[in-house]
Every structure is written in structure tokens, then in C-alpha cells.
Amino acid sequence: IVWYDGEILPGEKWGDTIKAQLEAADIVLLLVSKSFFNSEYIEKEELRKALERHKKGDANVVPVIVKPCLWDAHEEIAALQVLPKDAKPITSWDDTDEAWVDVAKGLQQIIEIKKTKRTEYLSKEEVRNAVEFYNKFDKQGAFKILSRFKETPKVMNSIAYFILGELYLYGEGGAAQNYQEAFHYY
């Protein structure tokens with residue numbers, strides 16, 4: 001699922017929505033420019049959280065250099081492999097479409113790697129750990145284990161279905177968006 005802050009609905013708390021989406025993201029794109037660095041909110045909230053999840057291995061943070069700027073002066077961003085190739089800003093390419101294709105190819109590599117890392121089933125130990133987290137009222141911990149199997153729920157046993165369904169139903173873990181999605185897992 002692709003998301004950006006332009007999808008925040010009128011009346012929604014934008015800060016909470018952004019935080020929930022950052023928490024649920026597998027890949028976070030940083031569209032880097034002078035404006036990116038001039039945003040206090042991006043620096044203090046979004047970037048901090050994204051890099052924190054990246055360090056834990058919960059998400060991939062991918063800087064995309066959109067316009068020329070001093071991105072390499074930012075230590076944490078400079079430590080990451082950036083797109084497009086050779087860190088050439090998109091607006092500096094003769095053909096910006098070609099630059100975006102290069103970015104898309106880089107993202108495609110990440111997505112393919114993530115797909116191969118997903119497992120097809122829950123081990124007994126993983127179900128046991130999820131149940132243990134759930135019973136300790138650590139629904140975030142349970143959700144983290146179980147949500148990896150969202151795409152292949154048929155192989156989960158009934159207790160895993162129940163926990164994941166309840167997490168979706170009550171919105172724990174930052175991923176549930178509606179009641180209907182919860183019933184898909186029951």
C-alpha cells in the first residue's frame with residue numbers, strides 16, 4: 001500500500017495519522033530537498049521515527065534526492081544508500097522520467113527482497129510468543145509477530161486468527177482501518 005500525507009481526510013488528526021502510517025510502513029521514502037530539511041516537523045518527528053524504525057530493522061528508509069541540497073551533511077541520511085544512482089538529484093537529470101525509473105527500479109529491488117523474506121507459515125514458537133505478548137496486554141508485540149503473515153492467513157491456526165482479528169478489530173498495532181478488515185481475519 002502506498003500512502004502519503006495528502007490522503008489525510010478532513011477532520012483527521014494529521015499528526016496521529018502520520019505517526020500511525022510511519023509505524024505501519026515497510027518502506028519509507030524521504031523526498032530530499034532543501035524544503036525537506038527546512039521542515040521542523042519532518043526533522044523532529046517523521047525523520048526521527050523513520051530512522052529509529054530503520055535501525056531496528058522494522059522498515060527500510062530510502063532517501064530520494066529530488067533537488068540539489070546538502071543532504072550528505074546530514075550524518076544519518078549520508079550513511080544510507082540513496083536514489084537515484086550516483087546520488088544525482090532528480091531535477092539535475094536531462095530526462096527526469098529516466099531518474100524516476102531509476103528510483104522505481106531501486107524500490108523494486110527492496111520490495112523483491114522483502115517478499116522473499118516473508119515466511120509462509122507461523123511456527124509454534126511464533127504463535128506461542130504472540131500469545132504470550134497478547135496475554136501480557138502487549139498487543140503491539142503480538143501484532144508485530146502476527147502481522148507479518150497478513151498476506152497468507154490461511155496457514156495460521158485459530159488462536160493466531162483470533163488474536164490478529166482482535167488486534168484489527170480494536171485498532172491496536174496501528175494497522176487496522178476499519179471493522180470490515182477485522183472480520184476478514186475471524
Side-chain angles (χ1 to χ4, degrees), residues 1-115 117-118 133 138-145 147-148 150 167-168 170-178:
I1 296 175
V2 176
W3 184 89
Y4 75 110
D5 63 5
E7 294 181 25
I8 298 172
L9 299 173
E12 282 188 313
K13 293 182 177 180
W14 61 271
D16 291 346
T17 303
I18 290 171
K19 286 177 187 173
Q21 290 294 333
L22 273 174
E23 189 61 39
D26 290 325
I27 301 171
V28 178
L29 296 182
L30 307 178
L31 301 178
V32 180
S33 67
K34 180 181 171 187
S35 298
F36 173 88
F37 288 113
N38 285 339
S39 170
E40 189 174 323
Y41 185 78
I42 288 174
E43 183 73 31
K44 289 186 177 177
E45 299 292 332
E46 295 174 350
L47 183 59
R48 182 191 58 76
K49 182 64 175 174
L51 291 171
E52 179 182 295
R53 292 194 67 235
H54 181 82
K55 287 176 188 171
K56 289 180 185 176
D58 293 338
N60 288 76
V61 172
V62 182
V64 177
I65 312 304
V66 177
K67 293 183 176 184
C69 61
L70 297 175
W71 65 269
D72 50 350
H74 191 288
E75 199 173 303
E76 290 180 294
I77 292 177
L80 301 173
Q81 180 63 43
V82 302
L83 291 172
K85 65 182 172 190
D86 302 325
K88 183 177 179 180
I90 289 174
T91 58
S92 298
W93 287 54
D94 292 333
D95 181 352
T96 57
D97 288 342
E98 189 178 333
W100 285 112
V101 167
D102 186 74
V103 170
K105 285 179 180 178
L107 294 174
Q108 196 171 31
Q109 288 177 322
I110 295 169
I111 292 166
E112 289 304 314
I113 289 169
K114 284 190 165 290
K115 279 183 184 177
K117 286 185 178 180
R118 284 190 185 266
F133 279 124
D138 181 358
K139 291 185 178 186
Q140 290 276 27
F143 182 83
K144 196 169 213 155
I145 293 168
S147 66
R148 294 185 303 136
K150 180 179 175 187
L167 293 171
Y168 273 91
Y170 296 108
E172 297 293 335
Q177 295 300 315
N178 62 46

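Owing to the predicted nature of the structure, the values given are computational and were not obtained by experimental measurement. Residue numbers run from 1 in the order of the sequence given. In what follows, every heavy atom counts, from backbone to side chain, and hydrogens, waters and symmetry copies are set aside.
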Are any of the side-chain nitrogens in Glu52 or Lys55 under 4.0 Å away from the carboxylate oxygens of its partner?
no
Does any part of the side chain of [Y], heavy atoms only, come nearer than 4.5 Å to the side chain of [X], both counted from C-beta?
{"X": "Pro89", "Y": "Val66", "answer": "no"}
{"X": "Asp97", "Y": "Val101", "answer": "no"}
{"X": "Ile27", "Y": "Ile111", "answer": "yes"}

Got a donor-acceptor contact below 3.5 angstrom from the [X] side chain to the [Y] backbone?
{"X": "Arg48", "Y": "Lys44", "value": "yes"}
{"X": "Glu12", "Y": "Leu9", "value": "yes"}
{"X": "Asp86", "Y": "Lys88", "value": "no"}
{"X": "Asp102", "Y": "Pro84", "value": "no"}

Separation between [atom1] of [X] and [atom2] of [Y], rounded to the nearest 0.5 Å:
{"X": "Trp100", "Y": "Ile90", "atom1": "CH2", "atom2": "CD1", "answer": "3.5 Å"}
{"X": "Asp58", "Y": "Leu22", "atom1": "CG", "atom2": "CG", "answer": "12.5 Å"}
{"X": "Leu31", "Y": "Ile42", "atom1": "CG", "atom2": "CD1", "answer": "9.0 Å"}

Which pair of non-hydrogen atoms, one from [X] and one from [Y], has the smallest distance, and what is that distance?
{"X": "Leu30", "Y": "Leu47", "answer": "CD1-CD1, 3.6 Å"}
{"X": "Gly15", "Y": "Tyr41", "answer": "CA-OH, 3.6 Å"}
{"X": "Ala25", "Y": "Arg53", "answer": "O-NH1, 2.7 Å"}

Looking at Glu7, I'd like to know if its CD atom is crowded, meaning that more than 12 non-hydrogen atoms belonging to other residues, nucleotides or ligands lie closer than 6.0 Å.
yes
